[in-house]
Trainee: 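Dumping the structure here so I can ask a few things about it.
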Amino acid sequence: MSNANWPLWEVFIRSKQGLSHKHVGSLRAADAQMAVENARDVYTRRSEGISIWVVQSNDVFASDPSEADSLYEPADSKVYRHPTFYDVPDGISHM
Amino acid sequence: MKENNIEELERQFQEKIDNDIKIEPRDWMPDAYRDTLIRQISQHAHSEIVGMLPEGNWITRAPNLRRKAVLLAKVQDEAGHGLYLYSAAETLGADREETIDDLHSGKAKYSSIFNYPTLSWADMGAIGWLVDGAAIMNQVPLCRCSYGPYARAMVRVCKEESFHQRQGFEIMTTLANGTPEQKAMAQDALNRFWWPALMMFGPNDAESKHTEQSMRWKIKRQTNDELRQQFVDITVPQAEMIGLTIPDADLKFNTETGHYEFGEINWDEFWQVVKGNGPCNKDRVDARRKAKENGMWVREAAAAYAEKRANRNKEKRA
Ligand SMILES: [Fe+2]
Ligand SMILES: [Fe+2]
């Protein structure tokens, strides 16, 4: 058996308490525990993290980039969802 | 209709590139863009992996514990660089196993610099200073490459590289300030690595067939000759500072341009090494093949252990 049979894992690292895990890259490993151990060796050699998540790449379901326009365009047209859309009279503060 | 569609996709693709919008793995891209990247990234990955061999040669013979720990850490970084890059190639659909087989069969190339032998401890200095220095010069612009995963891998790599060059320069400085024999050793290493380091930037722009397209795709941001010139301009004063002589009789500073002019590179030698006839080409590929064979039991054990652990977990749940 060779590497070819090892699944690909996506690696997420929390750099410090209070921050969320962030995707840093991927690696191959025989199982989840070994993926965490490899991720520690490869991605945290300079104290980049205090917590590691690994997720099998196959289990990530992603949105289709060719549908990006129809998925995200509606958000662009609703500028009134942003505070900068509104006029605040001069002299008003704390708003 | 179908052809129009491809043309339109290509137009949109180039427009994204021109507007500095990064390309991500699942985005549409021209086949030639994908192929160029797979070739470049996998060659880059192979260079990181093969690049461990000339230095690995000296880990057990480092002059003291500090130097040994530093060299070990540096070589370990290079293994990591190889991994980031193989992963980036995989996002383009390259098969990891096949990519590595191509290295072992001699089909895939890697940086020609690693086909030179490391004859003395001073070579660890020359490699860190010149070879990692040249690599950094190549890699910094790649952090802005149009392909997202490659650019992100390069950001990590460049962060880690910065100590590689310093540790090499420190070795050179120490030797250059040492006994006459030590200084001679440093000079000898510089003599042997200077020209191969200049060759690392690849053929002259006029001979470099991929440059123009790669620049248009923003895979490449600066030409081979531009980067080589930058490297010479930065490195020559560093050599002078520690009292070593660049082995180039034609080297002189041009006060008008503000750049160093340097002698003709031996391109015959370059192409010979690229074609597999360098001093160590065969050793390097043999060492990689042997490493894969000898490591087989580790991979088998890992797979067996994963299976055992999975079964145990199943039992626990039952
Ligand atoms: Fe590297
Ligand atoms: Fe390096």
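Numbered from 1 within each chain, the chains take letters A, B, ... in sequence-line order.
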Trainee: Anything in residues 78-95 of chain A with a heavy-atom distance to chain B below 4.5 Å? Please list those residues in order.
Mentor: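 If one takes a 4.5 Å heavy-atom cut-off, no residue of residues 78-95 of chain A lies near chain B.
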Trainee: Contact part of B:Glu24 toward chain A, heavy-atom cut-off under 4.5 Å: side chain, backbone, both or neither?
Mentor: neither
Trainee: Output the distance between atom CG (A:Leu27) and atom CD (B:Glu90), rounded to the nearest 0.5 Å.
Mentor: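 Output value for this atom pair is 10.0 Å.
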Trainee: Quick one, B:Lys159 and A:Arg46 - any side-chain contact, counting heavy atoms below 4.5 Å?
Mentor: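 When only atoms from C-beta onward are counted, A:Arg46 and B:Lys159 do not touch, as no gap falls below 4.5 Å.
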Trainee: Above 12 or not: heavy atoms from other molecules or residues under 6.0 Å from CD of A:Gln17?
Mentor: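 No, the 6.0 Å shell around CD holds no more than 12 heavy atoms from other groups.
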Trainee: Considering residues, nucleotides and ligands other than B:Asn19, do more than 12 of their heavy atoms fall under 6.0 Å from its CG?
Mentor: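 Correct, the count exceeds 12.
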Trainee: At a heavy-atom distance under 4.5 Å, which candidate from A:Val42, A:Val24, A:Leu8 has the highest pair count against chain B?
Mentor: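 Counting heavy-atom pairs under 4.5 Å, the top option is A:Val42.
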Trainee: Where along residues 33-40 of chain A does a heavy atom come under 4.5 Å of chain B, listed by residue number?
Mentor: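 A:Gln33, A:Met34, listed by number.
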Trainee: Should B:Arg96 and A:Trp6 count as side-chain neighbours, where that means a heavy-atom distance under 4.5 Å?
Mentor: no
Trainee: Just to be sure I understand the criterion: a residue of residues 52-65 of chain A counts if one of its heavy atoms is under 4.5 Å from a heavy atom of chain B. Which ones qualify?
Mentor: A:Ala62, A:Ser63, A:Asp64, A:Pro65
Trainee: Where along residues 82-89 of chain B does a heavy atom come under 4.5 Å of chain A, listed by residue number?
Mentor: B:Leu83, B:Tyr84, B:Ser87
Trainee: Can you see which heavy atom on B:Ala302 is nearest to which on A:Ala30, and at what distance?
Mentor: O-CB, 3.7 Å
Trainee: Just so I know, are the side chains of B:Asp77 and A:Arg45 near enough to count as touching, which here means a heavy-atom distance under 4.5 Å?
Mentor: yes
Trainee: Does B:Arg166 have more than 12 heavy atoms from other residues, nucleotides or ligands lying within 6.0 Å of its CZ?
Mentor: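 Not buried by this count: 12 neighbours or fewer within 6.0 Å.
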Trainee: Quick one: what part of B:Gln76 sits under 4.5 Å from any heavy atom of chain A, side chain, backbone, both or neither?
Mentor: both
Trainee: Apply salt bridge (charged side-chain N to carboxylate O under 4.0 Å, His left out) to the pair B:Arg156 and A:Glu48, showing each step before the final yes or no.
Mentor: CA-CA 11 Å; B:Arg156 281 193 71 84; A:Glu48 291 98 331; 3.7 Å; yes
